[in-house]
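Residue numbers start from 1 in every chain, and the chains themselves are labelled A, B, ... in the order their sequence lines are given, proteins ahead of strands.
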Amino acid sequence: MINLEIAKIFNDIARNLRIDGVAFKPYAYEKAAVSLQALPEDVKTIYMTGGRKALEEIPGIGKAMSDHIEEFVKTGKVAFYEEMKKKLPVKWDELLGVEGLGPKKVKVLYEKLGVKDLKSLERVTKKHLVADLDGFGETTEKNILQGIEFLKTSHGRTILGEALPIAREVLVKLEKLKEVEKISLAGSLRRRKETIGDIDFLVVSRNPKKVMEFFVKLPGVKKIWGQGATKSSVHMEQGFDMDLRVVPAKSYGSALQYFTGSQDHNIVTRKIAIEKGLKLSEWGIFRGAKQLPSKTEKDVYKALGMAWVPPEMRENTGEIELSLDDKLPKLVELKDIKGDLHVHSNFGEPDGEKDSIEVLAKKAMSMGYEYIGISDHTNDLNVEKSLNEKELLAQNEYIKKLNKKFQISNFKFQIFHGCEANIRKDGSIDVKDEVLEKLDYVIAGVHSLLKMEKPEMTARIIKAMKNPHVDIIAHPTGRIVGQRDEYQHDFDAILKVAKETGTILEINSSSRLDLRDLYIRRAKNEGVKMIINTDTHQKEQMHYIEYGVSQARRGWATKDDIINTLSVEELLKSLK
DNA sequence: GCCGTTTTCGGCCCGACTGTTTTCAGTCG
């Protein structure tokens with residue numbers, strides 16, 4: 001996305017200006033970057049159709065910014081930025097990842113010691129060349145070295161599905177302390193971002209010291225690296241950080257709002273406070289010296305004239321405006337989900353690691369579902385057991401019998417029979433039409449040749465969607481969080497055909513989290529329906545549905561956008 | 001550099017902590 005590319009350039013420019021001591025301009029560049037990130041349309045299209053004038057109507061974009069955008073659209077570069085990069089040619093992403101290192105220290109390290117990346121940083125630190133630099137010292141040098149060590153053992157950002165269960169375990173332990181009056185997750189985990197930098201807890205307690213003492217002694221704590229009167233931070237053995245903050249009850253709402261973020265969201269809420277003659281901080285919302293009610297987040301938003309914003313939406317990508325107008329969408333919830341249509345069974349491989357259809361159906365019932373769909377892999381897939389046409393037909397008979405059995409015992413529960421077929425290189429499906437026809441539904445997905453060029457991959461998926469038997473496209477963009485980027489594809493073209501053909505796009509709840517949040521928003525805007533599935537290979541994974549739901553919420557999806565919130569009868573109608 | 005029913009000039013979010021300082025800059029969220 002060109003918007004994101006330009007936003008990154010603007011953020012980089014802001015950082016460089018700030019290093020040079022330029023006041024306020026960096027803020028303008030950051031503001032322009034945020035504005036671009038939040039923009040649903042492509043700036044290139046805006047420029048092509050409306051020219052410079054249209055660009056300057058975007059908030060935060062004035063003459064200089066539109067100059068840069070025009071130049072980038074025309075040449076793919078911004079000369080002003082290229083010059084800056086030459087002056088300070090360091091690997092920012094690497095160096096800023098070291099705890100305690102910021103832009104200014106990086107500049108000094110580059111100019112005095114030639115540090116360009118983590119490797120050269122480690123070298124000069126181990127030679128003890130850092131401590132003598134102006135503004136540095138023994139402690140800073142030691143901290144940098146420890147920061148590098150931690151980076152080596154940490155695996156960067158932790159994916160949501162790993163972080164959330166760990167966080168909940170800690171939450172339960174803290175809740176049991178009698179000193180803890182109230183507790184909540186905060187930060188990116190509460191916003192359910194797909195990856196988490198660190199796990200944040202917010203606690204109300206009259207005895208912060210006691211709570212923090214307990215916190216830093218939790219199992220798995222490797223090092224305490226920050227401790228103030230109301231805050232402590234620890235490195236965990238698993239390679240991530242946890243932060244705990246303690247506040248008084250009268251500040252709980254403002255503190256939760258503040259520590260949940262995102263930072264971009266908070267900057268805007270604080271500005272709204274200023275406009276109303278108020279001041280918002282983690283300690284409360286104030287008119288002069290007088291504190292207004294700040295016990296709950298609702299109090300805080302109400303004082304700002306805003307409706308309470310679901311944490312998943314707090315990214316300053318348009319939610320503030322909707323909240324001010326009281327027009328926030330009612331997001332889909334976990335309890336709305338009535339079934340899961342992407343579940344793999346052990347059919348044809350009873351000794352394998354997967355579960356039987358009966359076990360999976362019972363699991364679905366125990367989760368309060370009204371239906372489950374069995375969708376095993378088919379013919380072409382070689383990495384795990386797949387069913388051929390004959391086996392699919394046998395499975396179909398078997399599921400029919402099972403359903404009859406349930407009916408006799410008067411269960412209000414239905415097993416659907418589908419499959420997860422492969423979309424071949426040419427867009428054809430690897431199962432014969434006459435077999436697909438017999439199934440209740442068909443999921444199709446790309447599982448091979450992921451490196452195709454954009455036009456070919458787009459045409460491949462479009463052809464599959466045009467197949468009258470294909471109801472759902474599994475994990476439509478092919479990415480896996482933290483492991484694999486999406487394949488090349490034209491998402492707008494895919495959306496257009498999905499809409500025309502009534503094909504449903506999957507929100508896969510496994511570590512794929514595919515569709516991602518931004519694409520969910522675009523699909524929703526185009527009126528394309530989606531389904532939240534787990535891609536379960538073992539029955540416990542059916543609980544991953546929660547991650548798919550939170551992803552859908554981050555994409556602003558409502559119940560109406562998601563077809564597995566429908567009852568059995570309505571669901572059948574919404575399929576091809 | 002951008003913006004404006006308190007402004008076309010004068011503002012730009014806020015507070016805490018750390019380490020290097022002797023009153024504050026840099027970093028973090």
Does a donor on one side chain sit under 3.5 Å from an acceptor on the other, for A:D535 and A:S510? no

Less than 3.5 Å apart, any donor N or O on the side chain of A:E56 or A:S66 sitting next to an acceptor on the other? yes

Looking at A:E181 and A:R206, does any basic side-chain N land under 4.0 Å from a carboxylate oxygen? yes

So which one's nearest nucleotide on DNA chain B is more toward 5', A:N266 or A:Y29?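 Nearest-nucleotide comparison on DNA chain B picks A:Y29.
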
Using heavy-atom distances to pick each residue's nearest nucleotide on DNA chain B, tell me which of A:L133 and A:D198 is more 5'. A:L133

Which of residues 75-104 of chain A sit near DNA chain B, with a heavy atom under 4.0 Å from it?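 Contacting residues: A:V98, A:E99, A:G100, A:L101, A:G102, A:P103, A:K104.
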
Could you pull out all residues at least two apart from A:K87 that satisfy salt bridge (charged side-chain N to carboxylate O under 4.0 Å, His left out)? A:D20

Quick one: side chains of residues 185-199 of chain A, donor-acceptor pairs under 3.5 Å with protein atoms, not counting sequence neighbours, listed by atom name and distance.
residue: A:R190; atom: NH1; partner: A:T260; partner atom: OG1; Å: 2.8
residue: A:R190; atom: NH1; partner: A:E297; partner atom: OE2; Å: 2.9
residue: A:R190; atom: NH2; partner: A:E297; partner atom: OE1; Å: 3.1
residue: A:R191; atom: NE; partner: A:E315; partner atom: OE2; Å: 2.9
residue: A:R191; atom: NH1; partner: A:T260; partner atom: O; Å: 2.6
residue: A:R192; atom: NH1; partner: A:L189; partner atom: O; Å: 2.9
residue: A:E194; atom: OE1; partner: A:R479; partner atom: NH2; Å: 2.8
residue: A:E194; atom: OE2; partner: A:R479; partner atom: NH1; Å: 3.1
residue: A:T195; atom: OG1; partner: A:R157; partner atom: NE; Å: 2.7

Gap between atoms CZ and P, on A:R157 and B:dG29 respectively (whole Å):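 Distance check: A:R157 CZ to B:dG29 P gives 10 Å.
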
Rounding to an integer number of Å, can you tell me how far A:H68 NE2 sits from B:dG1 C1'?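 Distance check: A:H68 NE2 to B:dG1 C1' gives 9 Å.
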
Which pairs count as ring pair (Phe, Tyr, Trp, His ring centres under 6.0 Å) when at least one residue sits in residues 73-92 of chain A, sequence neighbours excluded? A:H68-A:F80

In the 5'-to-3' direction, what one-character label does each nucleotide of nucleotides 14-19 of chain B receive under the scheme B = base within less than 4.0 Å of a protein heavy atom, S = sugar-phosphate only, - = no such atom? BSSSSS

Less than 3.5 Å apart, which donor and acceptor atoms pair up between the side chains of residues 166-174 of chain A and the rest of the protein, not counting sequence neighbours?
residue: A:R168; atom: NH1; partner: A:E546; partner atom: OE1; Å: 3.2
residue: A:R168; atom: NH1; partner: A:E546; partner atom: OE2; Å: 3.3
residue: A:R168; atom: NH2; partner: A:E546; partner atom: OE2; Å: 2.5

